[in-house]
Every structure is written in C-alpha cells, then in structure tokens.
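For reference, positions follow the sequence shown, starting with 1. This structure is a prediction, so every number in the text was calculated from the model and none was measured.
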Amino acid sequence: MTEEVEEKAEAIRPEFPTGRVKKIMKLDKDINKVNSEALFLVSCAAELFLRFLTEKSAEVAAERKRKTVNLDHLRTAVKRHRPTSDFLLDSLPVPAQTVNRVARSVTAADKPAPAGARRINDFFRKAETETESS
C-alpha cells in the first residue's frame with residue numbers, strides 16, 4: 001500500500017520550474033531557506049490558482065461571445081471572485097481608455113507647444129515688435 005502512495009506522489013509534478021518558484025519565494029526578505037515540501041506545495045497552489053483564474057476568465061469571454069481572453073475578461077473574473085479581488089485587482093493593469101474620435105481629430109497645431117519650443121508657423125511670422133512699430 002505504501003508503494004501505491006509513493007507512485008501517486010511521484011506522478012504529481014508541478015508545471016512551473018521549481019528553481020524559478022524558489023527565487024520568487026526568496027524575494028520575501030523574511031524567507032531565508034525554502035523547504036522542498038513547501039516549494040512543492042507553493043508550486044502546486046500557484047498552478048491551481050492560475051488554472052482557476054484562466055477558467056473564470058474564459059467563462060467571462062464566452063459570456064461576451066469572444067474567443068480570445070483579454071485583460072478586461074481577466075479583470076471581470078477577478079472582480080467576481082471576492083477573495084481574489086481583495087489582493088489581485090490592484091496589481092492588474094488598468095485597460096487602456098478607448099480614445100474617442102474627437103480626440104483623434106485634434107491636430108498638432110491645436111496642442112500646446114512644449115516649454116521653450118516654438119511652432120514652425122511662428123518662425124515665418126513677423127515678430128510682434130516689428131509689426132507694432134510699423
């Protein structure tokens with residue numbers, strides 16, 4: 001019976017490289033050494049968590065009739081799962097604001113010039129002091 005348990009334990013291998021997981025764990029200044037059992041459990045937990053997050057994000061994408069999961073789907077999945085939302089939502093990047101068509105139509109001439117710079121049109125105009133004295 002113990003051989004059977006050992007065979008099952010050997011069959012379970014985390015997908016993440018253990019060396020990389022160990023380096024990430026050691027980024028915490030309070031951790032000096034990482035036990036192999038702890039490394040195994042953290043690797044498996046991370047894998048299960050990412051699988052869960054991926055499945056929930058895929059569900060959101062399917063609800064919206066999309067075939068590709070994007071950042072917005074991931075953020076929605078995280079918001080729906082309260083324990084995940086509490087620690088992960090602030091770490092996710094905010095999706096880029098959609099640029100409206102009015103903002104695209106703004107020309108370079110409408111934008112203010114950087115400090116200390118002049119527009120090319122100003123170069124071809126007469127200086128204000130010359131026109132005032134004439």
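- Separation of atoms OG (Ser85) and CZ (Arg75) is listed at 9.0 Å; rounding is to 0.5 Å.
- Cluster annotation: Leu27 and Leu41 are assigned to distinct hydrophobic clusters (Ile/Leu/Val/Met/Phe/Trp/Tyr, side-chain heavy-atom contacts under 4.5 Å, transitive).
- If you take CG on Leu92 and NZ on Lys79, they are separated by 10.0 Å, rounding to the nearest 0.5 Å.
- In the hydrophobic cluster analysis, where Ile, Leu, Val, Met, Phe, Trp and Tyr join through side-chain heavy atoms closer than 4.5 angstrom, Leu74 is grouped together with Leu89.
- Not a single donor-acceptor pair under 3.5 Å links the side chain of Glu47 to the backbone N or O of Pro14.
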*Just do the side chain to side chain contact (heavy atoms under 4.5 Å, CB included) check on Leu88 and Phe49 with the steps written out, would you?*
CA-CA 12 Å; Leu88 187 60; Phe49 175 70; 4.1 Å; yes

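- If you chain together hydrophobic residues whose side chains sit under 4.5 Å apart, Val69 and Leu53 never meet in one group.
- The local environment of CZ in Arg64 is crowded, with over 12 non-hydrogen atoms from other residues, nucleotides or ligands closer than 6.0 Å.
- In terms of heavy atoms, Met25 sits closest to Val34 at CE-CG1, 3.6 Å.
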*Thr18 and Phe40: side chain to side chain contact (heavy atoms under 4.5 Å, CB included), yes or no, with the steps?*
CA-CA 8 Å; Thr18 54; Phe40 174 77; over 6 Å; no

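- At distances below 3.5 Å, not a single donor-acceptor pair connects side-chain atoms of His81 with backbone N or O atoms of Val78.
- Qualifying salt bridge (Lys or Arg N to Asp or Glu O under 4.0 Å) partners for Glu37, counting only residues two or more places apart in sequence or in other chains: none.
- The cluster map of Ile, Leu, Val, Met, Phe, Trp and Tyr, joined by side-chain heavy atoms under 4.5 Å apart, puts Ile31 and Leu39 in the same cluster.
- Here Arg80 pairs with Glu63 in a salt bridge; the nearest charged N to carboxylate O distance falls below 4.0 Å.
- In this structure, the separation between CG on Asp86 and CZ on Arg82 is 4.5 Å, given to the nearest 0.5 Å.
- Considering every non-hydrogen atom in both His73 and Ser57, the closest pair reads CB-O, 3.8 Å.
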